[in-house]
Amino acid sequence: MRWLQPLLRQPLRWLLAGLLAIIAFALLPALFRHENALQIRAAHQGVTLPDGFYVWQRLNAQGIQVKSITPAQDSLILRFESEEQSLAAQRALLKILPHGFDIAQLDNSGGGWLNKISLRQQSVG
């Protein structure tokens, strides 16, 4: 019973250690989530972005399912269920859209760290 006495003297430390373990366990999957998304930007000043509905229609006609289209800081963000859909959409958009647009996989490192630790998906549209 003597070995139990030091443990009972510091219940706050055990409580904090347990709480930190639970938080780490809950956030770990969100940190490693890979987002399948494309970003469409105007390559030159004065070029207007295509309409999101037009982009959705053209991709849908080719059998590419778009999860969401969101305008964000002079660009369109297109999200997909799988990496295959994202890559197929990138190839299709290079043919569909006229020159003057940059179409690239969305880089979700760095500035989007807050979205990575969110437990619920953040999406508009």
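Across every non-hydrogen atom of Leu76 and Pro50, the tightest pair is CD1-O, 3.3 Å. Residue Ile96 comes nearest to Tyr54 through the heavy atom pair CG2-OH, 3.8 Å, listed as atom of the first residue, atom of the second, then distance. Contact record, Gln73 with Arg41: O-NH2, 3.4 Å, taken as the closest heavy-atom pair. Residues Leu59 and Ala92 share a closest heavy-atom pair of CD2-CB, 4.0 Å. Taking every heavy atom of both residues into account, Leu97 and Phe101 meet most closely at CB-CD1, 4.0 Å. A pairwise comparison of heavy atoms in Gln85 and Gly63 identifies OE1-O, 4.1 Å as the closest pair.
Within the 4.5 Å cutoff, the side chain of Arg79 has no heavy atoms near those of the Val66 side chain. By the 4.5 Å heavy-atom criterion applied to side chains, Gln105 and Leu87 are counted as neighbours.
Here Phe80 contributes atom CZ and Leu38 contributes atom CG; the two are 4.5 Å apart, rounded to the nearest 0.5 Å. The structure places CG of Asp51 at 13.0 Å from CZ of Arg58, a figure rounded to the nearest 0.5 Å. Between the OG atom of Ser86 and the NZ atom of Lys67 there is a distance of 11.5 Å, given to the nearest 0.5 Å. Note that the CZ atom of Arg91 and the CD atom of Gln62 stand 10.5 Å from one another [nearest 0.5 Å]. Between atom CD of residue Glu84 and atom CD1 of residue Ile64 there is a gap of 12.0 Å, rounded to the nearest 0.5 Å.
When Ile77, Ile103, Asp102 are each tested for a side-chain contact (heavy atoms from CB on, under 4.5 Å) with Gln39, only one passes: Ile77.
Ile22 and Leu15 fall into different hydrophobic clusters, defined by Ile, Leu, Val, Met, Phe, Trp and Tyr side-chain heavy atoms under 4.5 Å apart, directly or through other members.
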